[in-house]
Protein chains: 2
Amino acid sequence: MMRELSVDLGEARSYPIYIGENILEDIVELFKRRGIPKGSPLLIVTDNLVAPHYLDRLTGLLETGGYKVLHTVVPAGEQSKSLEVFEQVITAALQGGLDRNSTIIALGGGVVGDLAGFSAASYMRGVRFVQIPTTVLAHDSSVGGKVAVNHRLAKNIIGAFHQPQMVVYDTATLKSLPEREVRAGLSEVVKHGLIWDREFVAWCGEHSEELLNLQQAALQHALYEGCRIKSLVVSQDERESGLRAVLNLGHTIGHALEAVAKYQELLHGEAISIGMVGAAILSVRMGNPEYIYTETKKLLQKFRLPVSIPEHMDTEAIMRAMMHDKKFKEGTMVFVIPADIGKVEIRGNIPADWVRETIEQLKKEA
Amino acid sequence: MMRELSVDLGEARSYPIYIGENILEDIVELFKRRGIPKGSPLLIVTDNLVAPHYLDRLTGLLETGGYKVLHTVVPAGEQSKSLEVFEQVITAALQGGLDRNSTIIALGGGVVGDLAGFSAASYMRGVRFVQIPTTVLAHDSSVGGKVAVNHRLAKNIIGAFHQPQMVVYDTATLKSLPEREVRAGLSEVVKHGLIWDREFVAWCGEHSEELLNLQQAALQHALYEGCRIKSLVVSQDERESGLRAVLNLGHTIGHALEAVAKYQELLHGEAISIGMVGAAILSVRMGNPEYIYTETKKLLQKFRLPVSIPEHMDTEAIMRAMMHDKKFKEGTMVFVIPADIGKVEIRGNIPADWVRETIEQLKKEA
């Protein structure tokens, strides 16, 4: 069974997301359906952890289907989202003779997606791009067309908006994920519920164990809903001028925690989990009902996600990291705040004192 | 007096080109007209040859107008169109605190325009971009939104389509250009006539001396017409899927000559001049009237532009360089061929033998 979802961005740039177990087997049929040309070489970008599992199989399937296939394998991890590794991908594309009709395929998680996506956006000023996510978290990055690499001074600062031709989400590939990565990925699924859909939040609460165990029917439903909500938001605000900012629920505090921990101690989804609890605390501080905080926290705990800041992290260091975050426009402090479960608002001018208090409280959460 | 031309690309991305002597003095008024925000810092990107002439003046004008202005000065020349220098520009942007409402300004010729433009396209996935060209050649690169840096294996291979907010063409700045650069820049002006407008070609022939002497009225008319023709073509084909290829008249052979000369011996406009004579030879070889060749050659000679290939250049090396040019789609040879003076066609499957004969003939032209 294959679920199909359309990310609607106007005729030229709309694209489908296919979700299903073992749908990698149908890759040639899907490529054909989307008109990926056979005359020009394809380049698969993947990492050294994913390659042993799926690279040969994907290459074999595509070659049997008549495609010329090249690949480049980068080291797993955030370090590969650099200009240096980006240049290596471009070199591989040039040496492999990729032309304007070529397609770059991201086989892996968010890092590979971002790296391959920015390569596809820039190579010859833009070639086709296909995403084959192999992580739960990548359900998030595979919708919306945001691609980027890091600069040593800031994450995701060098990038583009470049929509894929399609996303092929084979949920069987998630079985090779470490459990901690699964949990962290589900954090973004839950986030999509919290910003948009109270019913889906309730469903997540009831199905947390099935999701943590990668039970396929539940997993496919959750990924479908996560992608659906994100694509609804993105469709209405492709270039991130306003509405799209709601997707940053939990990210202001979360990014700061990641930065202070030097991207070592906390996975992105874990940091976002703590950040969502922080946003809920701020919400209650603003006068919203207490249950927004208690329900948010309880839900994240069901997914065995962290809801408190490790004590050793310095409050002022976290505050400073937040001030540098690119989401602060012209010096004002902006937060995405839950107005209810399944509903958020963007609030400007949140007093720094409230934020500091929230950080302190998060260090005491059990 | 200020001429104004609109590059029409649909509401969100259309932009004006302002052309006039000493219009740099009006920069604050023009920034205001285009709504360049004052709350976020501006970054001027320029090179070490242009900076001594105009950087302080431009900075002073903008600061007096209430803008916060930063700058980064890169070495003059094609070497600065690299990922390394691009990274330096991004570092300057980050260290200067540029945010999503900031504007990056290109003050200089085509290299600075391409480098600053790709930086503006990529920084935070895209910030505002303003071009202040200081060369004749930049009339060409300032229309169309093509921005890029080079890879050691290929020119302009890493880039984007990113339209400026406006182009401010102060023709007084051209007075600091070396004469050879003026001639080479006029080569692209003539090219625009040759692909689109027989009357403008005739006008160029009659006004070559005034143009070479930078007589202001003639220069402004020529730049206006060059920009107008290019913007007509670009408006109809922003993403370079078809029509826009006509702008590559002379570029297939021209790029190959530049590459074989390792970008040392021939300026871009000079290489294109020879390439346009080559395209005219191919046109006659295909059965078109002889005058296409004789008039093209005569016109370029009036501008004291080269019309022959330096004898020491190896024909086979030129042929090989052409085969690597990204304009060859899936191995076929495509040329832009004049069908008449002021009219071109895109022709596929030009026999390699004809091209080789043309190269040989170009080595014998006087």
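This structure is a prediction, so every number in the text was calculated from the model and none was measured. In what follows, chains carry the letters A, B, and so on, assigned in the order in which the sequence lines appear, proteins first and then strands, with residues in each chain numbered from 1.
Residue A:R34 qualifies as enclosed at atom CZ: its count of foreign heavy atoms under 6.0 Å is above 12.
Proximity to chain B (any heavy atom under 4.5 Å) is shown, for A:T91, by both the backbone and the side chain. With a 4.5 Å cut-off on non-hydrogen atoms, A:L94 touches chain B through its side chain but not through its backbone. Only the backbone of A:V147 comes within less than 4.5 Å of a heavy atom of chain B; no side-chain atom from C-beta onward does.
For the pair A:R125 (side chain) and B:I157 (backbone), a donor-acceptor distance under 3.5 Å is absent.
Using a 4.5 Å heavy-atom cut-off against chain A, the contacting residues of residues 77-86 of chain B are B:L83, B:E84, B:F86.
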